*Asks:* 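The following block contains the structure, expressed as structure tokens.
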Amino acid sequence: MIISKEKPPEPLDFFIWRVEDVGLWLEEIKLGSYRQIFKENGVNGEYLEGMSMFTTEQILRFIRRCHMKWGDFITLCKELRRIKVACLKGEQRVRRPWWAPSCISIVFMKTAKRNRQCRVVSLKLEP
């Protein structure tokens, strides 16, 4: 399958990624061999977001179900953490949606960036 026309998803939006977006991201972080099994298991951004609260038993179940190697699972976790840290630092680009008029783009961008950073902080602070 050729994926050259597919564009990787925006990192800031990881918590709303579709299953297809997760697959593209897996290709980008060199874990593309898990793309199909993640798709079969319905792993989307919301699922990835919830992984930070998994118990040890849930992590082991996920690894078995997806036939992951430990090293690959650690890579997956590191990449998720990298995205969250970049969000907190405000390093990720925020795109203006097609429907937002250009005259309010500066206000929109600042608000969107602040909201996304708050979202990531709240994810980090949840028990």
Side-chain angles (χ1 to χ4, degrees):
M1 177 179 176
I2 299 174
I3 61 164
S4 60
K5 292 183 181 181
E6 296 176 289
K7 215 173 87 174
E10 268 305 307
L12 262 177
D13 300 328
F14 81 95
F15 43 84
I16 59 168
W17 283 352
R18 301 167 298 142
V19 172
E20 295 79 15
D21 296 325
V22 171
L24 290 171
W25 177 68
L26 288 171
E27 295 286 345
E28 190 177 281
I29 64 169
K30 310 293 188 254
L31 294 177
S33 60
Y34 297 104
R35 188 175 186 168
Q36 185 60 37
I37 194 82
F38 272 46
K39 183 177 182 178
E40 290 169 7
N41 284 286
V43 177
N44 58 14
E46 187 178 356
Y47 188 91
L48 291 176
E49 177 183 346
M51 284 178 63
S52 62
M53 293 179 273
F54 273 16
T55 63
T56 304
E57 185 179 320
Q58 289 170 313
I59 289 170
L60 292 173
R61 215 173 322 154
F62 173 78
I63 290 171
R64 277 194 303 267
R65 190 173 63 235
C66 293
H67 309 288
M68 288 193 90
K69 296 176 185 171
W70 273 107
D72 291 342
F73 179 74
I74 291 168
T75 299
L76 179 80
C77 293
K78 282 181 181 177
E79 290 297 326
L80 277 173
R81 185 175 187 283
R82 186 183 58 76
I83 289 172
K84 290 179 182 182
V85 167
C87 291
L88 285 170
K89 290 182 177 179
E91 295 171 352
Q92 297 294 332
R93 188 169 53 92
V94 177
R95 291 176 293 160
R96 180 176 64 88
W98 62 270
W99 49 265
S102 57
C103 61
I104 63 162
S105 47
I106 292 174
V107 173
F108 174 82
M109 300 297 212
K110 286 181 181 177
T111 304
K113 196 171 195 176
R114 192 172 27 233
N115 286 344
R116 287 176 170 175
Q117 288 173 341
C118 291
R119 169 104 172 145
V120 174
V121 170
S122 71
L123 292 177
K124 189 176 181 182
L125 298 177
E126 287 178 4

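None of these values were measured; they are calculated from a predicted model.
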*Asks:* Working to the nearest 0.5 Å, report the span between NZ of Lys69 and OG of Ser33.
*Replies:* 7.0 Å
*Asks:* Under 4.5 Å between side-chain heavy atoms, hopping through other hydrophobics if needed: is there a path connecting Val19 to Ile37?
*Replies:* no
*Asks:* Would you say that Ile29 contacts Lys78 through its side chain, given a criterion of any heavy-atom pair below 4.5 Å between the two side chains?
*Replies:* no
*Asks:* Holding to side chain to side chain donor-acceptor pair (under 3.5 Å), I want the full list of residues that pass it with Arg18, two or more places apart in sequence or in another chain.
*Replies:*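 Arg18: side chain to side chain donor-acceptor pair (under 3.5 Å) contacts with Asp21.
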*Asks:* With sequence neighbours left out, what residues match Thr55 under side-chain contact (heavy atoms from CB on, under 4.5 Å)?
*Replies:*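 For Thr55, the residues satisfying side-chain contact (heavy atoms from CB on, under 4.5 Å) (neighbours in sequence not counted) are Glu57, Gln58.
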*Asks:* Closest heavy-atom contact between Arg35 and Leu24?
*Replies:*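 For Arg35 and Leu24, the tightest heavy-atom pair comes out as NH2-CD2, 3.5 Å.
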*Asks:* Sort out for me which residue in Phe62, Trp25, Trp17 forms a ring pair (Phe, Tyr, Trp, His ring centres under 6.0 Å) with Phe38.
*Replies:* Phe62
*Asks:* Would you kindly confirm whether Ile74 and Val22 end up in one hydrophobic cluster when ILVMFWY residues are joined by side chain heavy atoms under 4.5 Å apart?
*Replies:*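 They do not share one cluster, since no chain of ILVMFWY contacts under 4.5 Å joins Ile74 to Val22.
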*Asks:* With a 4.5 Å cut-off on side-chain heavy atoms, are Met51 and Leu76 touching?
*Replies:* yes
*Asks:* Nearest 0.5 angstrom please: Phe73 CZ to Ile59 CD1, how far?
*Replies:* 4.5 Å
*Asks:* Just verifying a value: how many Å separate Lys39 NZ and Glu20 CD, rounded to the nearest 0.5 Å?
*Replies:*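 Reported to 0.5 Å precision, the distance equals 6.0 Å.
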*Asks:* Hey, does the side chain of Asn44 reach the backbone of Glu46 with a donor-acceptor pair shorter than 3.5 angstrom?
*Replies:* yes
*Asks:* For Asp72, what residues pass the side chain to side chain donor-acceptor pair (under 3.5 Å) criterion, not counting sequence neighbours?
*Replies:* Tyr34
